[in-house]
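To start, the structure itself, in structure tokens.
Order of listing sets the numbers, starting from 1, for every ligand and every atom in it.
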Amino acid sequence: MEKFTRRLGGKLGIGISLLGFFVLFLGWNGAASFGDLRQQFPYLLSGGLVGLGLIILGAAMLVTESLREQRAEMIGALNALRAAVERQGSAGGGGDPRLLMPAAGPGQVVAARLSFHTPSCRLVQGQVGLRVLDIDDALAEGLDPCRICDPTALPAVEEPYATPRRAPRRATTG
Ligand SMILES: [Zn+2]
């Protein structure tokens, strides 16, 4: 019954209000059929009070229903917003990269399948299957340094060999 009332609350409110007006009309009509005020009085009293009461009740139901709809709408919007934020966070769009990235120490880079990057490079955000390794190891594996984040510019901890050269095969564009 509670659910039924909620679902039909709006329509029921309108119906009750209309019924109130109808009762008002009946009371007025009944009163008008008598010339004597003392005979009119019961009609006006009952018709008027009941009609007014019904109108107020109906209006209250309408207001309640509209508030409930607004609240449900707002809750829905909030849920959608939260879902969007969570989705963006898990995609790495605005989230903490450390949540997705294996911890990279100084002088280490994040290696994808064909290239390696600084841990903060946007190209590796949200990617799975990333490895953390030293720059020298990445170069030794034949991985290309990313042209956007330029991981070879990272300060290396130890340099047993010469400073890693920048990828000679790829010309930088722009
Ligand atoms: Zn990169």
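Atom CG of Leu52 sits about 12.5 Å away from atom CG of Leu57, to the nearest 0.5 Å. Rounded to the nearest 0.5 Å, atoms CZ (Phe21) and CD1 (Ile55) are 4.0 Å apart. Considering SG of Cys149 and CZ of Phe116, their distance stands at 8.5 Å, rounded to 0.5 Å.
Partners of Gln70 according to the side chain to side chain contact (heavy atoms under 4.5 Å, CB included) rule, which considers only residues two or more places apart in sequence or in another chain, are Ser66, Leu67. Applying the salt bridge (Lys or Arg N to Asp or Glu O under 4.0 Å) criterion to Glu69, with sequence neighbours excluded, gives no partner residue.
The side chain to side chain donor-acceptor pair (under 3.5 Å) analysis of residues 71-83, with sequence neighbours excluded, yields the pairs Asn79-Arg82.
Excluding waters, the set of protein N/O/S atoms under 2.8 Å from the Zn ion (ligand 1) reads His117 ND1, Cys121 SG, Cys146 SG, Cys149 SG.
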